There are 2 protein chains.
Amino acid sequence: MREPTVSIESQVEQFIGWLRTKKLKVTQERLALVREVLASKGHFEAEDLQIRLRAQGRRVSKPTIYRTLPLLIESGLLRPSFLTGERQTYYENTLGDDKHEHLICVACGRIIEFTSERLEEALVEVGRKHGFIAQKRRIELFGLCEYCG
Amino acid sequence: MREPTVSIESQVEQFIGWLRTKKLKVTQERLALVREVLASKGHFEAEDLQIRLRAQGRRVSKPTIYRTLPLLIESGLLRPSFLTGERQTYYENTLGDDKHEHLICVACGRIIEFTSERLEEALVEVGRKHGFIAQKRRIELFGLCEYCG
DNA sequence: TTCGGTGCAAAAGTTTTGCACTAGC
DNA sequence: GCTAGTGCAAAACTTTTGCACCGAA
């Protein structure tokens, strides 16, 4: 089970700081949304957020959700997620982005997480060579897993 | 400029073979669509295909396009593409998937392609360790490029 | 007190469906 | 000739917008 390396509340603080930097207001709706997004496992869509919040007794409108998602993306806490050919916009928080790569089986849909020290080193070399400062990344290999190969 | 390693017509043949395997019909519409998709550079959406085909005098309806795209994805020639937080479904063909990775600058949007022998080796090792046979991949690093860092 | 933010209702888009007709096999 | 596939029109959904009201700073 993947555990976030950074606590949710510290990420909420980061978001509040980001809002202040941008001179945007820290509203109850935005706080509820960022907490829900950070607590989410895997990918989800706009409506999932509304349903989960409603289950907690918090009512946030669709327009507000759609207006808040881009802020979460801009602030770096969220990213669109598209492993398969969904027709809708799915999202995923970025808490697990570091050091977790994915092997995706095109036959059974199984997703295997992995880490690799050699991969780490190769990427550091690439960054140095191109003068690129990497912040986040997405590494996905598509193919056949050990059960389907 | 990136050149496909495999010719378009051989990929069209592959698609025809795939259709036959699935006992699906090889229609004019499907052939026109697969050719257009394979000839496309970068990301595009359903309507782009219709417009380009119409410019060539071929008329293919939206429903047919939407019904064909999943076939192209299933057959491995196409994949959804989501570099940024677009609200619509964009696609990209998989011709250039091999040996081209991306550095994406979050500040200026610049996309730098790179290859790395060490990365190659690291990925081979990962596959071997997990009994995974990789067919395609997507490797994207998000961060600041040499001009924005 | 002042604007930016929210919710509602309606609009705008995109993707899907039902059905009659067409064309691949 | 039989079916799967196509196009049209309409429906279904997701996402956006206009506007009046509310609440954070």
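For clarity, every value in this text was computed on a predicted model and none was experimentally measured. All heavy atoms count here, side chains included; hydrogens, waters and symmetry mates do not. The chains referred to below are lettered A, B, ... by the order of the sequence lines, with proteins before strands, and numbering in each begins at 1.
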Can you list everything that forms a side-chain hydrogen bond (donor to acceptor under 3.5 Å, both in side chains) with B:R35? Sequence neighbours excluded, please. B:E9

Cluster overlap A:L24 with A:V26, hydrophobic side-chain contacts below 4.5 Å: yes

To the nearest 0.5 Å, tell me how far A:R138 CZ sits from A:H102 NE2. 10.5 Å

About how many Å separate OG of B:S75 and CD of B:Q11, when rounded to the nearest 0.5 Å?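 So the gap between those two atoms works out to 9.0 Å.
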
Does the side chain of B:H130 come within less than 4.5 Å of A:L103's, by heavy atoms? yes

Nearest-Å distance for atom pair [atom1]/[atom2], residues [X] and [N]:
X: B:L31; N: D:dG5; atom1: CG; atom2: C1'; result: 13 Å
X: A:L69; N: C:dT6; atom1: CG; atom2: C1'; result: 15 Å
X: B:I65; N: D:dG5; atom1: CD1; atom2: C1'; result: 14 Å
X: B:K62; N: C:dG13; atom1: NZ; atom2: C1'; result: 10 Å
X: B:L33; N: D:dG5; atom1: CG; atom2: P; result: 14 Å
X: B:L71; N: D:dA4; atom1: CG; atom2: P; result: 14 Å
X: A:Q50; N: D:dC13; atom1: CD; atom2: P; result: 16 Å
X: A:Y66; N: C:dT6; atom1: OH; atom2: C1'; result: 16 Å

If the sugar-phosphate is the primed atoms plus P, OP1 and OP2 and the base is the rest, what is the B/S/- string for nucleotides 20-25 of chain C, using protein heavy atoms under 4.0 Å? ----BS

Between A:R30 and C:dG5, does any side-chain N or O lie under 4.0 Å from OP1 or OP2? yes

Quick check: any donor-acceptor pair below 3.5 Å linking the side-chain of A:R67 to the base of C:dG4? no

For A:K62, does the NZ atom sit with more than 12 other heavy atoms under 6.0 Å from it, leaving out its own atoms? yes

